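For the numbers below, each heavy atom of this structure counts, side chains included, while hydrogens, waters and symmetry mates do not. Residue numbers begin at 1 in each chain, while the letters A, B, ... track the order of the sequences. Just so it is clear, the model here is predicted, and its values are computed rather than measured.
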Number of protein chains: 2
Amino acid sequence: MKPKILVVDDEPEAVELLEFNLKQAGYAVSAAGDGAAALKKARAQTPDMVVLDVMLPEMDGFELCKNLRLEPATSRVPILMLTAKAAEIDRVLGLELGADDYLTKPFSPRELLLRIKKILSRGAVAEKPREQMRFGDLVIDLPRHLASWKGKTIELTATEFKLLTTLAQRAGRVQSRDQLLRDVWEYDSLIDTRTVDTHMRRLREKLGAASKHLDTVRGVGYRFVE
Amino acid sequence: MKPKILVVDDEPEAVELLEFNLKQAGYAVSAAGDGAAALKKARAQTPDMVVLDVMLPEMDGFELCKNLRLEPATSRVPILMLTAKAAEIDRVLGLELGADDYLTKPFSPRELLLRIKKILSRGAVAEKPREQMRFGDLVIDLPRHLASWKGKTIELTATEFKLLTTLAQRAGRVQSRDQLLRDVWEYDSLIDTRTVDTHMRRLREKLGAASKHLDTVRGVGYRFVE
DNA sequence: AAACCGTGTTACGGAATGGTGACAAACAGG
DNA sequence: CCTGTTTGTCACCATTCCGTAACACGGTTT
């Protein structure tokens with residue numbers, strides 16, 4: 001599972017540039033153009049990191065940073081601040097705001113990626129994906145894009161495979177349909193759809209006996225059990 | 001009011017060194033030499049933070065960390081791990097253990113104090129909902145969406161589960177029916193309050209012996225007791 | 001002691017939920 | 001351009017779940 005990064009900047013070109021570079025580097029990126037939207041997205045997605053421009057309309061970066069720290073859901077998410085003035089640095093990193101690092105504009109993409117990597121590797125969150133998983137007779141191999149049951153490979157389509165791996169990597173924890181739509185389909189909008197159900201059905205059909213690992217939690221979502 | 005810090009290490013000299021530095025910096029310090037003693041002290045004092053050496057006789061640091069997280073009284077206390085090997089870091093900070101930060105030996109006192117200050121400044125505000133709770137033989141696991149009694153899972157519907165967790169997270173405090181309707185059902189209007197009663201009954205029935213945790217407070221509401 | 005209040009208990013019909021089969025659009029490969 | 005596969009959506013149905021009403025019970029008040 002790629003680390004999720006939330007980019008907050010009011011200039012569309014800046015967002016686009018950041019987004020391109022981060023995606024290139026293998027991160028999952030979402031963006032927000034103002035403080036209110038950023039708070040909302042952060043709450044909903046709990047990203048692994050927030051990259052945040054100080055200059056924002058309405059709620060400025062400082063304010064947003066404080067708010068992120070105040071909410072239980074986001075208080076521990078690392079924050080990287082983008083600032084124009086070197087004079088602000090002390091305040092940014094101080095206890096009052098508690099950002100994890102800063103960058104002064106202009107900066108190179110390489111510089112940015114280095115900072116991000118450093119913060120994430122420091123271990124704030126960073127749940128690195130397991131490349132191969134085995135649950136009894138069920139083996140899932142990510143790089144080979146293969147799933148097998150008792151040594152016999154199971155033919156899965158791309159979506160089915162991604163759904164299976166997403167569930168398996170969070171084994172034990174229930175995933176809501178919305179979460180799955182975001183993580184597997186990469187939808188932002190919350191369309192009410194039975195799509196997830198249908199794909200679960202197809203997945204179960206193909207897995208056969210191995211489908212005992214896929215639990216339905218009525219009223220909540222689905223869960224992979226070991 | 002000085003923040004209380006519990007230091008856990010089996011080497012007396014190490015404890016002394018830590019104690020000196022922390023007291024110098026204005027913290028109230030207590031110490032424990034092994035896992036069992038640490039658990040007992042943590043329960044009794046509920047410190048603001050635990051500094052914990054991984055290498056311990058009997059119960060090692062990992063085990064202790066897990067146990068601290070499981071008990072309601074200490075599950076939210078930030079933990080700073082002292083570890084010798086960089087290889088262990090992932091596990092320490094991962095979901096399984098959930099320490100808040102780590103330091104590799106050897107480290108300077110200044111470094112230690114910086115980490116502590118940072119964690120405390122953040123954790124003071126962050127009352128994040130507990131993901132797992134244990135009350136005697138009753139275990140409630142939010143992400144897995146599972147409740148169990150003496151290791152045996154209890155089948156609960158979505159609403160019943162939410163009702164149980166809502167009460168358990170505010171253990172000790174009485175919740176009025178209106179409050180429960182707001183928090184569990186997310187209703188604004190005042191509908192028939194007997195709905196809560198009915199669900200409490202179903203919950204008690206399914207919990208069996210564990211229903212001793214659910215108190216009725218006549219004329220007020222319900223309360224979860226430990 | 002009787003009326004009363006708050007809660008426990010039981011039962012039931014409507015509503016929500018998820019499984020299933022079918023289908024058409026989108027897509028990929030030759 | 002054709003063909004077979006994949007994928008999102010829909011309608012239908014069995015099942016489960018939930019809210020309400022009605023009644024029973026015990027403690028409290030008058």
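- Here the shortest heavy-atom pairing between A/Leu64 and A/Gly35 reads CD1-O, 3.7 Å.
- For A/Arg202 against C/dG21, no side-chain N or O and base N or O form a donor-acceptor pair under 3.5 Å.
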For B/Met49 and B/Leu6, run side chain to side chain contact (heavy atoms under 4.5 Å, CB included): C-alpha distance rounded to whole Å, both residues' side-chain angles, the deciding distance at 0.1 Å, then the answer. CA-CA 6 Å; B/Met49 177 150 188; B/Leu6 175 61; over 6 Å; no
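- Here the C1' atom of nucleotide D/dT7 and the CZ atom of A/Phe161 are 18 Å apart, to the nearest Å.
- Here the P atom of nucleotide C/dA11 and the CD atom of B/Glu205 are 11 Å apart, to the nearest Å.
- Candidate nucleotides D/dG8, D/dT6, D/dT20 were compared by shortest atom distance to the side chain of B/Thr195, and D/dT20 ranks first.
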Which parts of nucleotides 3-9 of chain C does protein reach within less than 4.0 Å, heavy atoms only, written one letter per nucleotide 5' to 3' as B for base, S for sugar-phosphate only and - for none? --BSBBB
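- Considering only side-chain N and O atoms, B/Trp185 lies nowhere under 4.0 angstrom from the phosphate OP1 or OP2 of D/dC18.
- For the residue pair B/Thr216 / B/Arg204, a side-chain donor-acceptor distance below 3.5 Å is found, with atom types taken as modelled.
- The CG atom of A/Leu180 sits 12 Å away from the P atom of C/dG18 (whole-angstrom rounding).
- Nearest heavy atom pair, residue A/Asp48 against residue A/Val77, reads C-CG1, 4.0 Å.
- In this structure, NZ of A/Lys206 is placed 11 Å from C1' of D/dT7, rounded to the nearest angstrom.
- A salt bridge links B/Arg177 to B/Asp197: at least one charged side-chain nitrogen sits closer than 4.0 Å to a carboxylate oxygen.
- Rounded to an integer number of Å, the gap from CG of A/Asp215 to C1' of C/dG19 is 15 Å.
- Note on B/Thr157: every side-chain N or O is 4.0 Å or more away from OP1 and OP2 of D/dC17.
- Between A/Asp141 and A/Arg134, the closest side-chain pair of non-hydrogen atoms is not below 4.5 Å.
- With B/His199 as the partner, the ring pair (Phe, Tyr, Trp, His ring centres under 6.0 Å) test is satisfied by one option alone out of B/Trp185, B/Phe161, B/Tyr222: B/Trp185.
- Rounding to whole angstrom units, CG of residue A/Leu163 and C1' of D/dT7 are separated by 13 Å.
- One atom, NE2 of A/His199, and another, C1' of D/dG8, lie 6 Å apart when rounded to the nearest Å.
- For the salt bridge (Lys or Arg N to Asp or Glu O under 4.0 Å) test, residues two or more places apart in sequence or in another chain that qualify with A/Lys23 are A/Glu19.
- Using five terminal pairs a side, the axes of the helix from C/dA1-D/dT30 to C/dG30-D/dC1 at its two ends make an angle of 30°, given in steps of 10 degrees.
- Between A/Glu160 and A/Lys206 there is a salt bridge, with a side-chain nitrogen of the basic residue lying less than 4.0 Å from a carboxylate oxygen of the acidic one.
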